[in-house]
Amino acid sequence: MSLQALTYLVVGLTFAIYIGIAVWARAGSTKEFYVAGGSVHPVLNGMATGADWMSAASFISMAGLISNMGYGGGLFLMGWTGGYVLLAMLLAPYLRKFGKFTVPQFFGTRYYSKGASTVAVMCLLMASTTYIIGQMTGVGVAFSRFLGVSNSTGIYIGMGIVFMYAVFGGMKGITYTQVAQYCVLILAYTVPAIFISLHLTGNPIPQLGLGSDMVGSSVSLLAKLDAISTDLGFAQYTTSTRISQFNTFIYTISLMIGTAGLPHVIVRFFTVPKVKDARSSAGWALVFIALLYTTAPAVAAMARMNLLKTINPTIMTNPDVTAPDAQLVYTERPDWMKRWEVTGLLKFEDKNGDGRIQYYNDKSKDPKFAAAGWKGSELKVNADIIVLANPEIALLPNWVIALVAAGGLAAALSTAAGLLLAISSAISHDLLKEKFMPDLTEKGELMAGKISMAGAIVIAGYLGLNPPGFAAGTVAIAFGLAASSIFPALMMGIFSKTMNKHGAIAGMLAGIGITMFYVFAHKGIFFVKGTEFLVGSLGQNFFLGIEPNAFGTIGAIVNFAVAFAVKNMTAPVPAHIAKMVEEVRIPKGSKAVDGAH
Amino acid sequence: MQHDHEHTHDEKGYWKATLGLIRNVLIVWFVVSYGFGIILAPMLNSIKLGGYPLGFWFAHQGSMYIFVALIFIYAKLMGNLDEKFGVSEK
């Protein structure tokens, strides 16, 4: 069977499973629609959270980024997993005890005002929408590449699929669908990694293979990769960093607290039966996430090794990369390179006209490159193709390539669906029912939830079709927005008995405000190119050299500081609220989730 | 729903113990990632763990394993605290 037909078959089969589950678990009441009736087992909930969490960015982009960045890429690994420790200890059990459906409901009750919940809804919509646009783009790219359709057609197909199971299934449908999606995406990620690890190091476990010796030699894979990288003028793989240590530090904090502040992840912990389960559920989620995240650095380093080996065929035995016959002749390049050249994500330009591919760090000061007549690096490899092309580079069978396609789609779709649910419940429940239409019946609310979900899909699809000049960096910014607004306010709501509504609202507005200000100054107002400001006169990263992607940490600090300052100047928190906070802190007396007042 | 918190249990003591546990877990959490994985990584790289330079290992592997372990240890110890102070759900 051809690769194309096989891909259709595998992707079609997995979709049939997802939709089948969504129909089977169709939601009846509003409570079921949002939280699956509080009946989801912690292990299953952890698996679903894993699928929900791991988006197209984790599955497709992350290993490619690490492959290019080397050691410095570790900030994504630590940043996107370390947040679960915070979530498990600081938020999940208390939010479960609180016993509400949604994050804005917590704000409305704890900060005893509709204003606080409205501000939270706005922050939530801002972060979720920023996140979901990247997902819809990812859905489009994955569909177009594997199914051979245009990018727009890919997005339309994706919109249709997401609509079907998110709208008709509700949370329960999503939870069980996401369990299935997790299984597909983890298989798709680990199977090629096992093959490649076995081939390079003889060890079938990628996490161990990365620390092993190369097959048939006593040199470790990482030491060899460091040596090859240096030969080609790159920094050592195991020590290279793109940004300063300070930025790495700040960036990691922003990703960690952003993780603990993203509403579509937090809402998961409302769905477990007990407070006790909320704690372990975060642990199970991280187990399933770590399975992919600890494989990613192996995929990254091994793909890098295979790529450099392909372009410099003699490098394993002879470190002289500039020897006349040491580079790959362009006309003899392998088939996978030809296939990816068609997509434009892999480009070759013969700068010195010798018909061979020179791929090296052309900013290197080493005189040997110029002496050999090299006139600049001739190959451009888009980081996003590393994971997808990995099985092709390693010459794995077609069914593995088809499986990777299905995995990439599972990752993108599951995250899009989880985000859409967070958006729809925020609009139908927290805005309409709580604020504007208190008389809304349960049936009406369910319908409003479905309509706002459909609306959100259309908006996300539209922005996916017309991306306002941004793609991968968007995801990090979504984390910064969540880090600077939702996380500090949630934390203070539980850990400070005296935090009042004025402080919380002022803190959220100041935190998200200053983060948006800094991001827009660098990336343009609402990401529209050409509307950047201040960077012209103050220079890039004008505040302490901090990158806009890492600025959520500063936003969070501002949030805390403003909140406490305002609290001290305004009316103290009412006694019954302080009493409520005391009760939230102990598991005893926890009851089923209750959305009504 | 009945409210059976007649203060027969020591809520203040429970909360103090909880905060102490959270603090201890956070210290480990910080040391392995920000300490070993970022600040001290260049120094630790001279030590080898199999084929891994140690600082690199903490950033790309070790922190994540320790994060997972930390959550389960926390969940277990919190369960013990719940029992000890008589505030568990059942």
Value rounded to 0.5 Å, distance of [atom1] in [X] from [atom2] in [Y]:
{"X": "A:Ile586", "Y": "B:Asp10", "atom1": "CD1", "atom2": "CG", "value": "11.0 Å"}
{"X": "B:Asn45", "Y": "A:Thr239", "atom1": "CG", "atom2": "OG1", "value": "7.0 Å"}
{"X": "A:Gln207", "Y": "B:Met64", "atom1": "CD", "atom2": "CE", "value": "8.5 Å"}
{"X": "A:Arg279", "Y": "B:Ile71", "atom1": "CZ", "atom2": "CD1", "value": "13.0 Å"}
{"X": "A:Arg585", "Y": "B:Thr18", "atom1": "CZ", "atom2": "OG1", "value": "9.5 Å"}
{"X": "B:Tyr34", "Y": "A:Phe249", "atom1": "OH", "atom2": "CZ", "value": "6.5 Å"}

**OP:** Measure B:Leu81 against the heavy atoms of chain A and call it side chain, backbone, both or neither at under 4.5 Å.
**Re:** neither
Subject >> Portion of B:Ser33 that has a non-hydrogen atom of chain A nearer than 4.5 angstrom >> reply: both
Checking [X] against chain B: side chain, backbone, both or neither under 4.5 Å from a heavy atom?
{"X": "A:Leu90", "result": "side chain"}
{"X": "A:Leu77", "result": "both"}
{"X": "A:Leu210", "result": "both"}
{"X": "A:Ile289", "result": "neither"}
{"X": "A:Ala223", "result": "neither"}

Original post:
For chain A, which residues from residues 72-79 of chain B lie under 4.5 Å away (heavy-atom distances)?
Top reply: B:Phe72, B:Tyr74, B:Ala75, B:Met78, B:Gly79
Subject >> Backbone N/O of A:Glu582 and side chain of B:Glu11: donor-acceptor pair under 3.5 Å >> reply: no
Max heavy-atom pair count under 4.5 Å with chain B, selected residue of [options]:
{"options": "A:Ser280, A:Ala290, A:Ala282, A:Gly82", "value": "A:Gly82"}
{"options": "A:Pro297, A:Ser212, A:Ser220", "value": "A:Pro297"}
{"options": "A:Ala300, A:Ala88, A:Pro93", "value": "A:Ala88"}
{"options": "A:Pro587, A:Ala285, A:Gly283, A:Ala301", "value": "A:Pro587"}

Subject >> Closest heavy-atom pair and its distance - A:Gly74, B:His60 >> reply: N-NE2, 3.5 Å
**OP:** Answer yes or no: does atom CH2 of A:Trp284 have more than 12 heavy-atom neighbours from other residues, nucleotides or ligands under 6.0 Å?
**Re:** no
Subject >> Pair A:Phe495-B:Ile22, side-chain contact (heavy atoms from CB on, under 4.5 Å): steps then yes or no >> reply: CA-CA 12 Å; A:Phe495 288 85; B:Ile22 291 176; 4.0 Å; yes
Original post:
Step by step, would you call A:Tyr84 with B:Trp29 a ring-ring contact (aromatic ring centres under 6.0 Å, His included)?
Top reply: CA-CA 11 Å; A:Tyr84 278 86; B:Trp29 167 84; over 10 Å; no
**OP:** Apply side-chain contact (heavy atoms from CB on, under 4.5 Å) to A:Met256 and B:Phe67, showing your working.
**Re:** CA-CA 12 Å; A:Met256 281 196 192; B:Phe67 291 157; 4.0 Å; yes
Original post:
In this structure, which one of A:Leu208, A:Thr238, A:Leu221, A:Leu222 forms a side-chain contact (heavy atoms from CB on, under 4.5 Å) with B:Tyr52?
Top reply: A:Leu222
Original post:
Do A:Tyr293 and B:Gln61 come within less than 4.5 Å of each other through their side chains, counting heavy atoms only?
Top reply: no
Original post:
Got B:Leu70 and A:Met89 here, is their nearest side-chain heavy-atom distance under 4.5 Å?
Top reply: no
**OP:** Can you label the angle between the B:Trp15 ring and the A:Tyr94 ring as parallel, tilted or perpendicular, going by 30° and 60°?
**Re:** perpendicular
Original post:
How far apart are the C-alpha atoms of B:Leu26 and A:Leu86, what are their side-chain angles, what is the distance that settles it, and do they pass the side-chain contact (heavy atoms from CB on, under 4.5 Å) test?
Top reply: CA-CA 8 Å; B:Leu26 283 182; A:Leu86 301 180; 3.7 Å; yes
Original post:
If you count heavy-atom pairs under 4.5 Å with chain A, which of B:Val25, B:Ile39, B:Leu21, B:Ile38 comes out on top?
Top reply: B:Ile38
